[in-house]
2 protein chains.
Amino acid sequence: MKNKKMKIARVESDVSQEQLAEIIGVTRQTINLIESGKYNPSLKLCIEICKALNKTLNDLFWEE
Amino acid sequence: MKNKKMKIARVESDVSQEQLAEIIGVTRQTINLIESGKYNPSLKLCIEICKALNKTLNDLFWEE
DNA sequence: TCATAATGTCAATTATATATTACATATTGT
DNA sequence: ACAATATGTAATATATAATTGACATTATGA
């Protein structure tokens, strides 16, 4: 399942996948695959994504 | 950095590391190392831990 | 005090997240 | 229509999460 919340938050923050990747220090592919739902990211990476997008874990990665 | 919140939640739920591991379907060592702060668990595993302990990601894995 | 459960940790192996490089297809602006 | 940017995806390599099995230590209860 795609991570739509993360993509929406990223677009709202007006950053590209590549820019977000640079901010966090991972590759663009990693960001792309997480948004596509093809990676099961590590907690540390999830937290870095949240901080970069001014969101919390529940905002981006918690369902229901 | 130890994951004190997770340990507290587990003890409050009155389950041992081994019982929690069984519920989730991982090994006791994995639970132990996450509580000890020596593993960087996957998002999927974090979510399973939360559900087993009736908590959310923010409850157990989000700081400040 | 003794037995048992719970926890901490180690070494070796396996599975998988992430990196790297590269190419293809959208998308957007001019 | 063209150029530039953004996104999707594939193959291989590497780092590390997670497993397995085992042993030691620390609670906890009888």
Side-chain angles (χ1 to χ4, degrees):
Chain A
M1 9 60 192
K2 292 193 169 202
N3 192 327
K4 207 166 178 182
K5 292 183 195 168
M6 175 175 157
K7 177 165 190 172
I8 290 171
R10 178 177 60 77
V11 171
E12 279 178 353
S13 290
D14 207 40
V15 293
S16 66
Q17 291 181 347
E18 188 160 29
Q19 289 172 325
L20 179 57
E22 272 176 31
I23 292 168
I24 296 173
V26 296
T27 62
R28 181 177 65 80
Q29 284 78 351
T30 296
I31 299 298
N32 185 288
L33 290 167
I34 293 169
E35 284 188 1
S36 307
K38 291 173 183 165
Y39 269 175
N40 175 23
S42 69
L43 173 61
K44 204 174 293 182
L45 180 49
C46 290
I47 290 173
E48 281 163 13
I49 291 169
C50 288
K51 289 184 176 167
L53 299 178
N54 281 313
K55 299 287 183 183
T56 71
L57 285 172
N58 282 4
D59 289 336
L60 300 188
F61 300 104
W62 185 251
E63 305 287 335
E64 144 224 34
Chain B
M1 8 45 201
K2 291 193 170 200
N3 192 327
K4 206 165 179 181
K5 291 181 194 169
M6 174 176 157
K7 177 166 190 171
I8 290 172
R10 178 178 59 76
V11 172
E12 279 177 352
S13 290
D14 207 39
V15 292
S16 67
Q17 291 182 347
E18 187 160 29
Q19 288 171 326
L20 179 57
E22 271 174 32
I23 292 167
I24 295 173
V26 296
T27 62
R28 181 178 66 81
Q29 285 80 346
T30 297
I31 300 297
N32 185 288
L33 289 167
I34 292 169
E35 284 188 1
S36 308
K38 291 172 184 167
Y39 269 173
N40 175 23
S42 69
L43 174 61
K44 204 174 292 181
L45 179 49
C46 290
I47 289 172
E48 281 163 15
I49 291 169
C50 288
K51 288 183 176 167
L53 299 178
N54 281 312
K55 298 286 182 183
T56 71
L57 285 172
N58 282 4
D59 290 335
L60 301 189
F61 299 105
W62 184 252
E63 305 287 335
E64 142 218 33

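The sequence lines fix the lettering, A, B, ..., with proteins before strands; numbering per chain opens at 1.
Of the candidate nucleotides C/dA19, C/dT9, C/dT7, C/dA19 has the atom lying nearest to any side-chain atom of A/Thr30. Listed candidates were C/dA19, C/dT21, D/dG21. Nearest to the side chain of A/Gln29 is C/dT21. Picking from D/dT19, D/dT7, C/dT7 the nucleotide with the shortest atom distance to the side chain of A/Asn32 gives D/dT7.
Residues from residues 53-60 of chain B lying near DNA chain C, meaning a heavy-atom separation below 4.0 Å, are absent.
At the phosphate of C/dG8, OP1 or OP2 sits under 4.0 Å from a side-chain N or O atom of B/Gln17.
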For the pair B/Ile24 and B/Thr30, evaluate side chain to side chain contact (heavy atoms under 4.5 Å, CB included) and give the outcome as yes or no after the intermediate values. CA-CA 11 Å; B/Ile24 295 173; B/Thr30 297; over 6 Å; no
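Taking 4.5 Å as the limit, every side-chain heavy atom of B/Leu60 sits out of range of all side-chain heavy atoms of B/Cys46. Residues A/Ile47 and B/Glu63 fail the side-chain proximity criterion, which asks for heavy atoms closer than 4.5 Å. A 4.5 Å side-chain heavy-atom check between A/Arg10 and A/Leu53 finds at least one atom pair inside the cut-off. You'll find the side chain of B/Lys2 stays beyond 4.5 Å of the side chain of B/Lys7, heavy atoms only. The closest side-chain heavy-atom distance from A/Leu43 to B/Ile34 is not below 4.5 Å. Contact of the B/Glu12 side chain with the B/Ile8 side chain is registered, since non-hydrogen atoms from C-beta on lie closer than 4.5 Å.
Residues B/Asn40 and B/Arg10 both approach DNA chain C. Their nearest nucleotides, taken by heavy-atom distance, put B/Arg10 toward the 5′ side. Take the nearest nucleotide of DNA chain C for B/Lys44 and for B/Glu35: the residue whose nucleotide is more 5' is B/Glu35.
Residue contacts shown for B/Lys7 are limited to sugar-phosphate atoms, with no base heavy atom under 4.0 Å away. Contacts of B/Leu45 with the nucleic acid, taken as non-hydrogen atoms under 4.0 Å apart, involve only primed sugar atoms and P, OP1 or OP2. Base contact: A/Thr27 has a heavy atom under 4.0 Å from a base atom.
In this entry the distance linking CG of A/Leu33 with P of C/dT16 reads 16 Å, nearest Å. Summarising the geometry, the separation between CD1 on B/Ile24 and P on D/dA18 is reported as 11 Å, rounded to the nearest angstrom. Rounded to whole Å, the distance from CD1 on B/Ile49 to P on D/dA17 is 14 Å. The separation between A/Leu43 atom CG and D/dT16 atom P is 16 Å, rounded to whole Å. Separating the CD atom of A/Glu18 from the P atom of C/dT28 is a distance of 17 Å, rounded to the nearest angstrom. In this structure, B/Ile31 places its CD1 atom 15 Å from P of D/dA17, rounding to the nearest Å. To the nearest angstrom, P of D/dG8 lies 13 Å from CG of A/Leu20. Rounded to whole angstrom, the span from the CD1 atom of B/Ile34 across to the P atom of C/dT9 amounts to 15 Å.
A distance of 11.5 Å separates CD1 of B/Ile23 from CD of B/Glu48, quoted to the nearest 0.5 Å.
Checked by distance alone, B/Arg28 brings no side-chain donor or acceptor within 3.5 Å of a matching partner on the base of D/dG21.
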